Structure formats: structure tokens, C-alpha cells
Amino acid sequence: MILLRHELGESLRERRQQQGRTLRDVAAAASVSLGYLSEIERGVKEASSELLAAICVALDVPLSVVLDDVSRRAAHVESLGAPVSLPVAGRADVVSASAA
């Protein structure tokens, strides 16, 4: 099962690290506690839309870009567990198998 908070947290963490910034720096810029930002990045807590917007401003990245990244991550995870139809010799029907 995909948890959006995990994918969102990973996306935010990667962007912060790509910028060479610390949790403390981004937390201060977003006016959120360091511990809470850490929990969001680890996928433990879900950010409100207001807080997510503040974090995106602090990271100087449009919210739409972060959401697009989360959507791509979710699609990738879904594709890993998608059922695959397999033909069965001697039968007209198919059997579904999971790639997970």
C-alpha cells in the first residue's frame, strides 16, 4: 500500500539535501519546529496544506513540482505491485500474478 506521506517526505528530504540545507535551516524558514519537519520527511506525520506550502516556499520550489514528484513516485510504487496477466497453456483464460 502506498502512503502519500512517505512519498511526500522523501521528495521534500531529497530537495532539501540537494540544496545542501539542514533540517534546522528549512524548519526556521518555514516556521515549523525542527522535530515536526523531521517527522514529515520521515513520513511519520502528514503536513497540512498550509504547512506544505510553507515548506515549499522555504525550499524555493513550487508546490506543483513537489506534488508532481509525489505523483510519479506513487505511480512507480503502484507499478511494482501491479498484477500481470499470464496466459495458461491449454486454457482460454488468463491467470493474474503480482510482481510484488
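On a predicted model such as this, the values are computed, not experimentally measured, just so you know.
Val57 is not connected to Val65 by any chain of hydrophobic side-chain contacts under 4.5 Å among Ile, Leu, Val, Met, Phe, Trp and Tyr, and they are in different clusters.
The distance from atom CD of Gln17 to atom CG of Leu23, rounded to the nearest 0.5 Å, is 8.5 Å. Interatomic distance, Leu37 CG to Arg13 CZ, rounded to the nearest 0.5 Å: 9.5 Å.
Closest heavy-atom contact between Gly43 and His6: O-CD2, 3.3 Å. The two atoms that bring Ile40 and Ala47 nearest to each other are CD1-CB, 3.8 Å, heavy atoms only. When every heavy atom of Ala29 is checked against every heavy atom of Ala58, the shortest pair comes out as CB-CB, 3.6 Å. Here the shortest heavy-atom pairing between Val70 and Ser11 reads CG2-CB, 4.2 Å.
Take Ser64 and apply the side-chain contact (heavy atoms from CB on, under 4.5 Å) test, not counting sequence neighbours, and it matches Pro62. Gln19 pairs by the side chain to side chain donor-acceptor pair (under 3.5 Å) definition with Arg21, not counting sequence neighbours. Listed by chain and residue number, Arg24, Asp25 satisfy the side-chain contact (heavy atoms from CB on, under 4.5 Å) test with Thr22 (two or more places apart in sequence, or in another chain). By the salt bridge (charged side-chain N to carboxylate O under 4.0 Å, His left out) test, Arg16 is found to be paired with Glu41, residues two or more places apart in sequence or in another chain being considered. Looking at residues two or more places apart in sequence or on another chain, you find a side-chain contact (heavy atoms from CB on, under 4.5 Å) between Val44 and Glu39, Arg42. Partners of Arg5 under the side-chain contact (heavy atoms from CB on, under 4.5 Å) rule, at least two apart in sequence or in another chain, are Leu3, Glu46.
Residues Leu8 and Leu52 are in side-chain contact: their nearest non-hydrogen atoms beyond the backbone lie under 4.5 Å apart.
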